[in-house]
Amino acid sequence: MKGKLLIFSAPSGAGKTSIVRYLLDSGLNLEFSVSATSRKKRGEEIHGHDYFFYSSDEFREKISKGEFAEWEEVYNDHYYGTLKSEILRIRKKGRHVLFDIDVEGGLKLKQLYNKEALAIFVMPPSPEVLKERLIKRATDSYDNIMMRLEKAEKELARVGEFDRLIVNENLETACKEAYKIVKDFIS
């Protein structure tokens, strides 16, 4: 049996990574798809665990060979993408592939895999709450937060293109809702 694809997308700070972590520990036969990037490693990050790290040239070579299901140049020479081989590796094991991916990439995967994929948008209760969460997280500069909020506005405009919507007002409730949606889809 080929595993299905479960795509979680959201603006930065909406809580999708927390929901994805919850689902990975839920016993639903899910495996996380590790993304590829051309950015430098940060801190203790490990190649093949946190990301597949490639130079910009190596990344472009993989693009030209058609090795990505989806990819994006997010900033100049900073690429991110999903390797077809990573999806295949997980599906060959009969497991379902779980993605924590930006809106653009999530929609590209949904388009490519169509009925085999479920695209779920995680939404903050309001733009104000999103701003509070990003500030409270304390991982970004003020300029970076403002840039993320600007990007979030564009991402929120695409919510209608997703199969399902989870409003993350309360993380525990959102996790339980995600579990039910995922369980129903893979059953």
Side-chain angles (χ1 to χ4, degrees), residues 1-24 26 28-39 50-52 59 62-75 78-125 127 130 148 150-168 171 174-187:
M1 179 193 105
K2 266 191 179 176
K4 294 183 178 179
L5 283 69
L6 300 142
I7 303 159
F8 279 81
S9 298
S12 185
K16 78 177 178 309
T17 302
S18 298
I19 292 170
V20 164
R21 284 192 191 121
Y22 173 86
L23 290 170
L24 284 169
S26 71
L28 285 177
N29 193 30
L30 307 173
E31 190 167 329
F32 186 70
S33 171
V34 177
S35 295
T37 185
S38 65
R39 75 157 171 78
D50 298 291
Y51 283 97
F52 292 104
F59 205 102
K62 288 186 176 300
I63 291 169
S64 70
K65 289 181 178 175
E67 293 182 29
F68 289 102
E70 64 80 27
W71 63 272
E72 215 179 325
E73 186 176 12
V74 179
Y75 307 105
H78 274 97
Y79 296 92
Y80 288 86
T82 303
L83 291 161
K84 290 176 185 174
S85 59
E86 177 70 352
I87 296 170
L88 189 61
R89 177 188 70 76
I90 297 168
R91 293 181 95 190
K92 271 186 172 172
K93 294 197 276 185
R95 302 193 80 177
H96 304 289
V97 190
L98 185 59
F99 298 89
D100 174 342
I101 190 168
D102 78 320
V103 169
E104 200 66 40
L107 290 171
K108 285 177 187 171
L109 284 174
K110 175 61 184 176
Q111 187 175 20
L112 188 63
Y113 288 92
N114 199 358
K115 299 224 179 293
E116 297 175 78
L118 182 69
I120 302 159
F121 192 94
V122 179
M123 192 158 144
L130 184 66
R148 286 180 188 274
E150 196 175 301
K151 186 179 181 202
E153 203 174 304
K154 292 178 185 116
E155 291 170 329
L156 290 167
R158 303 198 65 190
V159 71
E161 296 173 57
F162 284 78
D163 299 316
R164 297 297 299 266
L165 167 68
I166 295 173
V167 178
N168 181 14
L171 184 58
C175 286
K176 286 177 181 168
E177 186 180 348
Y179 178 87
K180 184 182 178 343
I181 290 169
V182 168
K183 191 171 190 223
D184 289 350
F185 182 70
I186 62 179
S187 296

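Hydrogens, waters and symmetry mates are skipped; everything else that's a heavy atom, side chains included, is used. We count residues from 1, following the sequence as given. This one's a predicted model, so the numbers in the text were calculated from it and none came from an experiment.
Between the CG atom of L98 and the CD atom of E31 there is a distance of 10.0 Å, given to the nearest 0.5 Å. How far CD of E150 is from NZ of K154: 5.0 Å, rounded to the nearest 0.5 Å. Within the model, atoms CG of L109 and OG of S33 stand 8.0 Å from one another, a figure rounded to the nearest 0.5 Å. The NZ atom of K110 lies 9.5 Å from the CG atom of L5; values are rounded to the nearest 0.5 Å.
Without hydrogens or angle criteria, K62 side chain to F68 main chain gives no donor-acceptor distance under 3.5 Å. No donor-acceptor pair under 3.5 Å is formed between the side chain of K151 and the backbone N or O of S12. Between the side chain of D100 and the backbone N or O of F32, no donor-acceptor pair lies under 3.5 Å. Put simply, the side chain of S9 gets close to the backbone of I101: a donor and an acceptor are under 3.5 Å apart. Formation of a donor-acceptor pair under 3.5 Å by the K4 side chain with backbone atoms of F185 is found in this model.
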Between I87 and Y113, does a side chain to side chain contact (heavy atoms under 4.5 Å, CB included) hold up when you go through it step by step?
CA-CA 11 Å; I87 296 170; Y113 288 92; 3.6 Å; yes
Go through it in stages, so that I can follow the logic: the residues are L107 and F162, the test is side chain to side chain contact (heavy atoms under 4.5 Å, CB included), and I'd like the CA-CA distance, side-chain angles, deciding distance and then a yes or no.
CA-CA 7 Å; L107 290 171; F162 284 78; 3.6 Å; yes
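The shortest side-chain heavy-atom distance between H96 and L28 does not fall under the 4.5 Å cut-off. Within the 4.5 Å cutoff, the side chain of T37 has no heavy atoms near those of the F52 side chain. Within the 4.5 Å cutoff, the side chain of I19 has no heavy atoms near those of the I120 side chain. Contact of the L6 side chain with the I181 side chain is not registered, since no non-hydrogen atoms from C-beta on lie closer than 4.5 Å. Counting only heavy atoms from C-beta outward, the side chains of E161 and F121 never approach each other to under 4.5 Å. Within the 4.5 Å cutoff, the side chain of K16 has no heavy atoms near those of the N168 side chain. In this structure, the side chains of L23 and F8 come closer than 4.5 Å at one or more pairs of heavy atoms. Side chains of L156 and P124 form a contact here, defined as non-hydrogen atoms less than 4.5 Å apart.
Aromatic ring pairs are classed by plane angle as parallel below 30°, tilted from 30° to 60° and perpendicular above 60°; the pair Y79 and F59 is parallel.
For the pair E70 and K108, the salt-bridge criterion is not met [side-chain N within less than 4.0 Å of a carboxylate O]. Looking at R89 and E86, a side-chain N of the basic residue comes within less than 4.0 Å of a carboxylate O on the acidic one, giving a salt bridge. A salt bridge does not link K2 with E116: none of the charged nitrogens is closer than 4.0 Å to a carboxylate oxygen.
Heavy-atom neighbours of R164 CZ from other residues, nucleotides or ligands within 6.0 Å: at or below the threshold of 12. Heavy-atom contacts from other residues, nucleotides or ligands closer than 6.0 Å to CZ of R158 number more than 12.
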